[in-house]
Chemist: 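Take a look at this one; I'll ask things after.
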There are 2 protein chains.
Amino acid sequence: MKTRRASGRPTIADVARLAGVGAITVSRAIRDPNQVSEELRNRIEEAIRELNYVPNVQAQILASGQSNVIAVLLPSLTNSVYADVIRGIYDKVAPTRFHIQIGNTRYSEQEEDRLVALFAWQRPAAMLLAGLDQSETTRSFLADAEFPIVQIMEHGPAIDMGIGCSHKDAARAAVTHLIDCGYRRIAFLGARKDPRMMRRRDGYREALAALPGAKPIELLTPEPSGVARGRALFSQLLDTATDIDAVACGNDDLALGALFECQARGIAVPEQMGIIGFNDLEMAAAAVPAISTVRIDRYEMGRRAIGMLLDRLEGKKVGEPIVDIGFDVIRRASTSAVDQGVSAARSAKGG
Amino acid sequence: MKTRRASGRPTIADVARLAGVGAITVSRAIRDPNQVSEELRNRIEEAIRELNYVPNVQAQILASGQSNVIAVLLPSLTNSVYADVIRGIYDKVAPTRFHIQIGNTRYSEQEEDRLVALFAWQRPAAMLLAGLDQSETTRSFLADAEFPIVQIMEHGPAIDMGIGCSHKDAARAAVTHLIDCGYRRIAFLGARKDPRMMRRRDGYREALAALPGAKPIELLTPEPSGVARGRALFSQLLDTATDIDAVACGNDDLALGALFECQARGIAVPEQMGIIGFNDLEMAAAAVPAISTVRIDRYEMGRRAIGMLLDRLEGKKVGEPIVDIGFDVIRRASTSAVDQGVSAARSAKGG
DNA sequence: CTGAAAGCGCTAACAG
DNA sequence: CTGTTAGCGCTTTCAG
């Protein structure tokens, strides 16, 4: 007889034997207790407790063909922005039968293509992606995937479902806030050049277009973002464009860097220089002066994205497949109403 | 005939049929190509490509009894400290057959107990935990687990393997650096009160003990850390202990908050107040003045921790099971050699 | 509501 | 080096 190395832990058959029922009844008692009479159910639960039985997930999946994996592909695991999203994702998934499988695309389209294909072959129950800018290959590949897909961060045409906001609108609102404060020579600082960053740049351009005579002053680097990068970029900008009176930063890291550079150069914020960031990282509120920024509820976005997937997996009717989660411009001291000098500039330039 | 809903995708039997070999040969060709003759191997590879065959992981695991899951339990997914560790973990695991299953213990021992039990039942291939302070229940439960376990962050007696450094020694070195710079009335700021934080506090005490006549001035809150928290705590401290000339912060968030509070109050750093943090977050170097801190290579720690697990899983001999990854005190402008006023204080107080 | 049989897709064991 | 057979632990199908 070919005896096989059993795992040693109790199986459903052990429970069935102890409870004096068939294995399938135990299986039913576990998955849908209502299908089993109360008496048997009690006997089974007793046996489960006694044996310390825990179902073998692999066997469940193999037999049922139902995966319990939700694939999550994000461009960064370090960036606080995604850390908040991840927290929301995990919190929402924790009480369910599903597990998260995270992949790091490193802001690379090729890597995203590779991971989407890799994960898709594992037949996940669902998939979560960041952004709307997947490659054509990946979009068409996923378009006829049989699992639900949600794209987060941005608001727009999604493959299946989506939740996020318009980064262009958000940046436009931020820059408009600078204009409302009286700033007139407004620059834009960007890094990494990922799709969201470029859309914020576009929003900056749109806002400036509404300001007669204003010309875009932009400095973007493909290099990763960071406080040090923000400081260096802003320093470079100040050396070139000497007459700027405000800077819209593509994120709060850059904004904090810009603030530090102002401190280092003795430039008064907000009097001589207005600064606004993006993302509302925790540090922004504590800075001196506190940095104005744009807030998106990333934790909630992560939660709701998973919620949409779960609804679909449970066959529930999902409401809107494309959700705009919105944003808030957070006004703080770094963009206070300007002093007379700049007010003068307003009347001079803005008319 | 009871026909069953097949998943639709090609199975190993399909490949075997197309290649004209037995299923097991395909299985071998995939797992250990050397066991199969070159001719068959080529035919099999050809068939795999043609059918676009991808092995069913669940079936592999079920049949072999070999899990491919490495459970990772961390106290936070948001904290940059763990984000770096996570990046190291994922980078090291990516090219292997293993997957990471992350759990968030939220700095709670109860939650850690719960998740360890939950994950352990799934029979992971290995487990990674943060810190050495698991509950007695969990420690003894894991002590006779059959999978390898690595504990990261701290250096000390581990359940199985460990990699990290002594946070007490690191903090002692940081405070000693303050003393070497001439600071004499040194306070300690802490938050969250997790085990590492308390060990840093102990290191602070040890360093002060070496300073004749110095008394600890400590302010710790059980609340989560953050820049705003650091600012508030330091403000509270300044209102009470008016004569402190330096502050050792349990992490860089708090240190940046302390720096901001100094800026808000017009306290000159480093002349009137020395500040040192912990962790060397990216922002610390870019602050004005740049903040001194303690660096631990968290990315490398994550990588090596997984490396230790992989070595064990592959039956390789692991070198030292308990690794001290060390730390570096990073000296920056926030703790520059002090001016005459403080030098005077030194001779007056330090003797 | 309950059960026996069949089989998910793969691999360990044994034999050649 | 290759194949046959049995079976991992569970759930679906079909029959009561």
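Heavy-atom basis, side chains included; hydrogens, waters and symmetry copies ignored. Each chain gets a letter, A, B and so on, in the order the sequences are listed, and its residues count up from 1.
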Chemist: I need the CD-P distance between B:Gln66 and C:dT11, as an integer number of Å.
Modeler: 10 Å

Chemist: B:Ile89 pairs by side chain to side chain contact (heavy atoms under 4.5 Å, CB included) with which of B:Asp84, B:Leu309, B:Val72?
Modeler: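 Exactly one candidate clears the test, B:Val72.
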
Chemist: Do the side chains of B:Arg106 and B:Glu112 get close enough for a salt bridge, i.e. N-O under 4.0 angstrom?
Modeler: no

Chemist: When the distance from CZ of A:Arg9 to P of D:dG9 is rounded to whole Å, what number comes out?
Modeler: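 Atom CZ in A:Arg9 sits about 8 Å away from atom P in D:dG9.
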
Chemist: If you check the B:Arg31 side chain, which of C:dA12, C:dC8, C:dT2 turns out closest?
Modeler: C:dA12

Chemist: Contact class for B:Ile61 (heavy atom, under 4.0 Å): base, sugar-phosphate, or nothing?
Modeler: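 Contact class for B:Ile61: none.
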
Chemist: Which residues satisfy the side chain to side chain contact (heavy atoms under 4.5 Å, CB included) test with B:Thr137, sequence neighbours excluded?
Modeler: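 In terms of side chain to side chain contact (heavy atoms under 4.5 Å, CB included), with neighbours along the sequence ignored, B:Thr137 is linked to B:Ser135.
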
Chemist: A:Ile30 has an atom CD1; how far is it from atom P of D:dT12, in whole Å?
Modeler: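 After rounding, the reported distance stands at 13 Å.
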
Chemist: Determine the sole option in A:Val81, A:Ile325, A:Val85 for which the side chain to side chain contact (heavy atoms under 4.5 Å, CB included) test with A:Ile296 is passed.
Modeler: A:Ile325

Chemist: With the threshold set at 4.0 Å, does a side-chain nitrogen-carboxylate oxygen contact exist between B:Arg49 and B:Glu46?
Modeler: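 The answer is yes: the pair qualifies as a salt bridge.
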
Chemist: Please state whether the phosphate of D:dT2, meaning OP1 or OP2, lies under 4.0 angstrom from any side-chain nitrogen or oxygen of B:Ser37.
Modeler: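 Yes, within the criterion.
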
Chemist: I need the CG-C1' distance between A:Leu62 and D:dC8, as an integer number of Å.
Modeler: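 Atom-to-atom, A:Leu62 to D:dC8, this comes out as 9 Å.
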
Chemist: Taking 4.0 Å as the cut-off, does a side-chain nitrogen or oxygen of B:Arg28 come that near to OP1 or OP2 on D:dT2?
Modeler: no

Chemist: Can you list, by residue number, the residues of residues 12-26 of chain A that have a non-hydrogen atom closer than 4.0 angstrom to DNA chain C?
Modeler: A:Val21, A:Gly22, A:Ile24, A:Thr25

Chemist: Could you say whether B:Ala59 or B:Glu38 is positioned toward the 5' end of DNA chain D, judged by the nucleotide with the nearest heavy atom to each?
Modeler: B:Glu38

Chemist: One thing to verify: whether B:Glu45 and B:Arg41 come together as a salt bridge, which I'm taking to mean a side-chain N less than 4.0 angstrom from a carboxylate O.
Modeler: no

Chemist: Rounded to the Å, how far apart are A:Asn56 CG and D:dG9 C1'?
Modeler: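 Those two atoms, CG and C1', are 6 Å apart.
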
Chemist: Ignoring the backbone of A:Ala63, work out which of C:dA12, C:dT2, D:dT11 is nearest its side chain.
Modeler: D:dT11

Chemist: When the distance from CG of B:Leu51 to P of C:dG9 is rounded to whole Å, what number comes out?
Modeler: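 Spelled out: CG on B:Leu51 to P on C:dG9 is 14 Å.
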
Chemist: Using a cut-off of 4.0 Å on non-hydrogen atoms, how would the nucleic acid contact of A:Asp32 be classed: base, sugar-phosphate, or nothing?
Modeler: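 Answer is nothing: A:Asp32 stays at 4.0 Å or more from every strand.
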
Chemist: I'd like to check B:Tyr90 versus B:Ile102 (side-chain heavy atoms, cut-off strictly below 4.5 Å). Are they in contact?
Modeler: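 Yes, their side chains come closer than 4.5 Å.
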
Chemist: Quick one: B:Gln35 CD to C:dA13 P, roughly how many Å, whole number?
Modeler: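 The answer, rounded to whole Å, is 13 Å.
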
Chemist: Give a yes/no answer on whether the side chain of A:Gln58 brings an N or O atom under 4.0 Å of OP1 or OP2 in D:dC8.
Modeler: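 A:Gln58 to D:dC8 OP1/OP2: no side-chain N or O under 4.0 Å.
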
